[in-house]
Q: 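This is the structure, below, for whatever I ask next.
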Amino acid sequence: RGERGGGVRRGVNVLRAMLVPWSYGEVARVLAAVVLERARAVGPRLAAAESCTGGLVTSRLTDISGSSAWVERAVVAYSNAAKIALLGVAASDIPAHGAVSEVVAVAMAEGVRERLGAAFGVATTGVAGPDPADGKPPGTVHIAVSTEGGPVIRTLALTGTRDEVRRDTVEQSLRLLWSVLWEESP
């Protein structure tokens, strides 16, 4: 019984591994299209500040034809120095809270929105793995969206490989953007 169950589990895991890239691509593609369609209806422009996703959120959005009408600019701020210099994250916030924190995610989203002149700023910061960073386990991610009305933040505890954590972060970022855009509609 144990051997058969193990074989089935292995088979399911192999099948899942084969389908993940396809399913992720489709889900993220559809989410990006829905986000951009909503943005067209509402009319704002977006700026992105990405750390753990390294530009993947912006890449997914700009895969959609016509996205240049809504996507303003993006900054990949992988290092702490870049977060401080390019996004205006307070130098004291990183040692006090960690680069992977709600405080830094909000500062990144607000900084990119204000500095790049966009109506919306989205930011990602996290530990993609495989190793912990700053005492935080892999899969710890903070996503923030900043608007004139204030920030909205999501804290995630994701599981999986480095690539899976980054892909899930992109998907959750797009979901959060859509949610905020829906609330901002006239």
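Start at 1 with the first residue, then count along the sequence.
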Q: Can you list every salt bridge (Lys or Arg N to Asp or Glu O under 4.0 Å) pair that touches residues 110-119, not counting sequence neighbours?
A: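 Non-adjacent pairs meeting salt bridge (Lys or Arg N to Asp or Glu O under 4.0 Å): zero.
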Q: Let me confirm one number: the CG-CD1 distance from N80 to I94, rounded to the nearest 0.5 Å.
A: 4.0 Å
Q: Starting from V76, can I reach L86 by hopping between I/L/V/M/F/W/Y residues whose side chains sit under 4.5 Å apart?
A: no
Q: Using the salt bridge (Lys or Arg N to Asp or Glu O under 4.0 Å) rule, take R167 and E171 through it: C-alpha gap first, then chi angles, then the decisive distance, then the call.
A: CA-CA 6 Å; R167 283 185 249 186; E171 181 180 322; over 6 Å; no
Q: Apply salt bridge (charged side-chain N to carboxylate O under 4.0 Å, His left out) to R73 and list each qualifying residue two or more places apart in sequence or on a separate chain.
A: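 Partners of R73 by the salt bridge (charged side-chain N to carboxylate O under 4.0 Å, His left out) criterion come out as none, since no residue qualifies.
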Q: Tell me which pairs pass salt bridge (Lys or Arg N to Asp or Glu O under 4.0 Å) where either residue lies in residues 83-105, with sequence neighbours left out.
A: none
Q: Measure the shortest side-chain to side-chain distance between V122 and L176 over non-hydrogen atoms and say whether it is less than 4.5 angstrom.
A: no
Q: Which other residues end up in the same hydrophobic cluster as V100, if Ile, Leu, Val, Met, Phe, Trp and Tyr are linked when side-chain heavy atoms come under 4.5 Å apart?
A: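 When side chains under 4.5 Å apart are linked, the cluster holding V100 also contains V127.
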Q: Group every Ile, Leu, Val, Met, Phe, Trp and Tyr by side-chain heavy-atom contacts under 4.5 Å, then state whether V57 and V165 land in the same group.
A: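 Yes, one cluster joins them.
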Q: Give a yes or no answer on whether the side chain of E37 reaches the backbone of V34 with a donor-acceptor pair at less than 3.5 Å.
A: no
Q: Does the side chain of T140 reach to within under 4.5 Å of the side chain of L156, using non-hydrogen atoms?
A: no
Q: Calculate, to the nearest 0.5 Å, the distance between atoms CH2 and CG belonging to W178 and L31 respectively.
A: 10.0 Å
Q: Say whether, by atom type as modelled, one donor and one acceptor occur between the side chain of T53 and the main chain of L56 under 3.5 angstrom.
A: no
Q: Which heavy atom of V112 sits nearest a heavy atom of A48, and at what distance?
A: CG2-O, 3.5 Å
Q: Identify the residue among T155, T169, T125 that makes a side-chain hydrogen bond (donor to acceptor under 3.5 Å, both in side chains) with H142.
A: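 That would be T155.
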Q: At their closest point, which heavy atom of C52 faces which heavy atom of V141, and how far apart are they?
A: SG-CG1, 4.5 Å
Q: Kindly say whether A128 contributes a backbone atom to a donor-acceptor pair with the side chain of R166 at under 3.5 angstrom?
A: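 Pair absent, no side-chain N/O of R166 close to backbone of A128.
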Q: Do the side chains of Y78 and V75 join up, straight or via other hydrophobic residues, at under 4.5 Å, putting them in one cluster?
A: no
Q: Enter the distance from R60:CZ to L36:CG here, rounded to the nearest 0.5 Å.
A: 11.5 Å
Q: Starting from V106, walk the hydrophobic network (Ile, Leu, Val, Met, Phe, Trp, Tyr; side-chain heavy atoms closer than 4.5 Å) and list everyone else you reach, by chain and number.
A: I153
Q: Can you name the closest pair of heavy atoms from I64 and A32 and give their distance?
A: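 Shortest heavy-atom separation between I64 and A32 comes out as CG1-CB, 4.0 Å.
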Q: Do you know which of I143, V152, V35 makes side-chain contact (heavy atoms from CB on, under 4.5 Å) with L177?
A: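 Only one option passes, and that is V35.
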Q: If every non-hydrogen atom of M108 is compared with every non-hydrogen atom of A123, which pair is closest and at what distance?
A: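 The answer is CB-CB, 3.6 Å.
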Q: Run the salt bridge (charged side-chain N to carboxylate O under 4.0 Å, His left out) test against D163 and tell me which residues pass, sequence neighbours left out.
A: none
Q: Return the minimal non-hydrogen interatomic distance between A144 and A109, and the atom names on each side.
A: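 For A144 versus A109, the nearest heavy atoms are O-CB, 3.7 Å.
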Q: For residues P138 and G129, report the shortest heavy-atom separation together with the two atoms involved.
A: CB-CA, 3.8 Å
Q: When you compare the side chain of F120 with that of V145, does any pair of heavy atoms fall below 4.5 Å?
A: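 Of all side-chain heavy-atom pairs linking F120 with V145, at least one is under 4.5 Å.
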Q: Does any non-hydrogen side-chain atom of T58 lie less than 4.5 Å from one of E50?
A: yes
